[in-house]
Amino acid sequence: MLPPDHPLPARELSQYSVDGDPHSENDIASYVHGQARDETVQHVEKIKEEFVLGGKYEIWDVITEKDRYWVITNLTNLYSQKHFPSLDYTLSFHIGLMMRIRSRPENATSDDPSPFDEVFRRQEQAKNRNDRAVEAEDYQAVGMHLRECLLSLVGALRRRVKLPADVERPQDANFVAWSALLMDQLCGGGGNKELRQHLKNIAKETWQLVNWLTHDRNANDTASTIAIHSCDTVVGHFVQILMRQRTGNTQECPLCKSRNIRTHFDISIEPDGDYYMTCGVCDWTNHPGKNEAAL
């Protein structure tokens, strides 16, 4: 391929990239689309990686028809190059900002697509209500938000877990029964007995706690905050177990044997989005829309 003899449009720049990573590029493009909804991404290019205090930060150069951005991960954020022309300064600013955000985890949010968006939204509603709570009924309302959060959680899981045809389905609002049934499927086997029982117990106890908070006429900040933390734990555990099951416990690439396995989420995978994996070394992916045989 001959070098161009004229300035290239942004959409054509990818032709001259030899180290493209289409799955990660799509993740970054989707993030920018979510942040700058009136702009169209024309080019995405990974510039470099930096390791600071044990954390990896990926730096991306993203061009739209209106602007050009630095996009830096961990946590992902974008910065207009009009206002942040220096990459070194932008990275230093980003790391400092993310450290401050991590110091307040209850307010950290993500704009990456996820099958648990409704769950996370209800978590945030509960935390915001708790921040403003004064009277007992305010803390009772936190319990109501947490209750709906947990119901949304099992709803998201059961849409993604295939149950045997002969298994009796509980009522939608029976969180405890659904949790036990889902953990039996996601964490089965004799080797997972203790883990499975722990997941069932913490789910049941958290459900009982948030329902007690909802009806406690003397509800207070201590009980409300503990209920929030318990709910966060259940959500985190269930999401992790689902991701493990959906990725088939893959620890290494079946083609090149590398352990550089990345997890992505694609909202276009039917019925309503799903996780898939890629290898960071070769072109392997288990995305259902890709022809793995061709890879």
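If you read the sequence from its start, that first residue is 1, and numbering goes on from there. Fair warning: this is a prediction, and the values are worked out from it, not measured in the lab.
Lys193 NZ: 12 or fewer foreign heavy atoms inside a 6.0 Å radius. The number of heavy atoms from other shown groups lying within 6.0 Å of CD (Glu137) is above 12.
Smallest separation of non-hydrogen atoms from Ala227 and Leu209: CA-CD2, 3.6 Å. The minimum heavy-atom distance linking His33 with Thr40 is given by the pair CE1-CA, 3.9 Å. Considering all non-hydrogen atoms of both residues, Ala203 and Val234 come closest at CA-CG2, 4.1 Å. The shortest heavy-atom contact between Cys187 and Leu195 is SG-CD2, 3.7 Å. What you find for Gly143 and Thr214 is that their closest heavy atoms are C-OG1, 3.1 Å. In this structure, Asp67 and Ser80 approach most closely via the heavy-atom pair OD2-OG, 3.0 Å.
A single hydrophobic cluster is seen to contain both Ile202 and Leu186, as judged by linkage of ILVMFWY side chains at heavy-atom distances under 4.5 Å, directly or through other members. Using a 4.5 Å cut-off between side-chain heavy atoms of Ile, Leu, Val, Met, Phe, Trp and Tyr, with links allowed through other members, Leu153 and Met144 fall into different hydrophobic clusters. Following chains of ILVMFWY side-chain contacts shorter than 4.5 Å, one can reach Val239 starting from Trp178, so the two form part of one hydrophobic cluster. Hydrophobic clustering (side-chain heavy atoms under 4.5 Å, transitive across Ile, Leu, Val, Met, Phe, Trp, Tyr) keeps Trp70 apart from Phe51. Val161 and Leu199 end up in the same hydrophobic cluster when Ile, Leu, Val, Met, Phe, Trp and Tyr side chains are linked at under 4.5 Å.
Of the possible polar contacts, one joining the Thr73 side chain to the Glu58 backbone as a donor-acceptor pair under 3.5 Å is found. Of the possible donor and acceptor atoms, none in the side chain of Asn211 sits under 3.5 Å from a partner among the backbone N and O of Gln208. The main-chain N or O of Glu65 is never found under 3.5 Å from a side-chain atom of Glu39 such that the two would form a donor-acceptor pair. In this structure, the side chain of Asn201 does not engage the main chain of Lys204 through any donor-acceptor pair within 3.5 Å. In this structure, Asn74 contributes its side chain and Tyr57 its backbone to no donor-acceptor pair below 3.5 Å. At distances below 3.5 Å, at least one donor-acceptor pair connects side-chain atoms of Asn128 with backbone N or O atoms of Glu124. Side-chain N or O atoms of Asn26 include none that pairs as donor or acceptor with a backbone N or O of Pro22 at under 3.5 Å.
At least one side-chain heavy atom of Met98 sits under 4.5 Å from a side-chain heavy atom of Asn77. Counting only heavy atoms from C-beta outward, the side chains of Cys253 and Met277 never approach each other to under 4.5 Å. Counting heavy atoms from C-beta on, the side chains of Leu242 and Phe116 come closer than 4.5 Å. Taking 4.5 Å as the limit, some side-chain heavy atom of Thr64 sits within range of a side-chain heavy atom of Val32. His145 places none of its side-chain heavy atoms less than 4.5 Å from the side chain of Arg122. Side-chain contact between Leu181 and Pro170: present, with at least one pair of heavy atoms (C-beta onward) separated by less than 4.5 Å. Thr278 has its side chain out of reach of Trp284: every pair of non-hydrogen atoms, C-beta onward, lies at least 4.5 Å apart. For the pair Val71/Gln35, no side-chain contact is recorded, criterion being any heavy-atom separation below 4.5 Å from C-beta on.
Interatomic distance, Ser152 OG to Arg147 CZ, rounded to the nearest 0.5 Å: 10.5 Å. Atoms CG and CD, on Leu146 and Gln125 in that order, are 10.5 Å from each other to the nearest 0.5 Å. Interatomic distance, Ser224 OG to Leu213 CG, rounded to the nearest 0.5 Å: 5.5 Å. Distance check: Ile28 CD1 to Trp60 CH2 gives 5.5 Å after rounding to the nearest 0.5 Å. The distance from atom CD of Gln140 to atom CD of Glu135, rounded to the nearest 0.5 Å, is 11.0 Å. Rounding to the nearest 0.5 Å gives a distance of 10.0 Å between CZ of Arg121 and SG of Cys149.
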Output, in order, the C-alpha distance, side-chain angles, deciding distance and verdict of side chain to side chain contact (heavy atoms under 4.5 Å, CB included) for Lys46 and Ser24.
CA-CA 9 Å; Lys46 187 176 181 179; Ser24 295; over 6 Å; no
Given the rule in the side chain to side chain contact (heavy atoms under 4.5 Å, CB included) test, do Asp221 and Asn130 qualify, once you have shown the distances and angles that lead to the verdict?
CA-CA 7 Å; Asp221 180 68; Asn130 185 71; 3.8 Å; yes
Walk me through it: do Arg129 and Asp138 pass the test side chain to side chain contact (heavy atoms under 4.5 Å, CB included)?
CA-CA 7 Å; Arg129 187 63 184 263; Asp138 297 326; 3.7 Å; yes
Could you go step by step and tell me if Met183 and Phe238 meet the side chain to side chain contact (heavy atoms under 4.5 Å, CB included) rule?
CA-CA 8 Å; Met183 290 306 104; Phe238 279 28; 4.0 Å; yes
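Judged as a salt bridge (charged side-chain N to carboxylate O under 4.0 Å, His left out), the pairs with a partner in residues 163-190 (not counting sequence neighbours) are, in order, Arg158-Asp172, Asp184-Arg196, Asp184-Lys200.
Between Tyr276 and His287, the two ring planes are perpendicular [angle over 60°; tilted spans 30° to 60°]. Taking the six-membered ring where tryptophan is involved, the planes of Tyr79 and His94 are perpendicular, since the angle between them exceeds 60° and thus also 30°.
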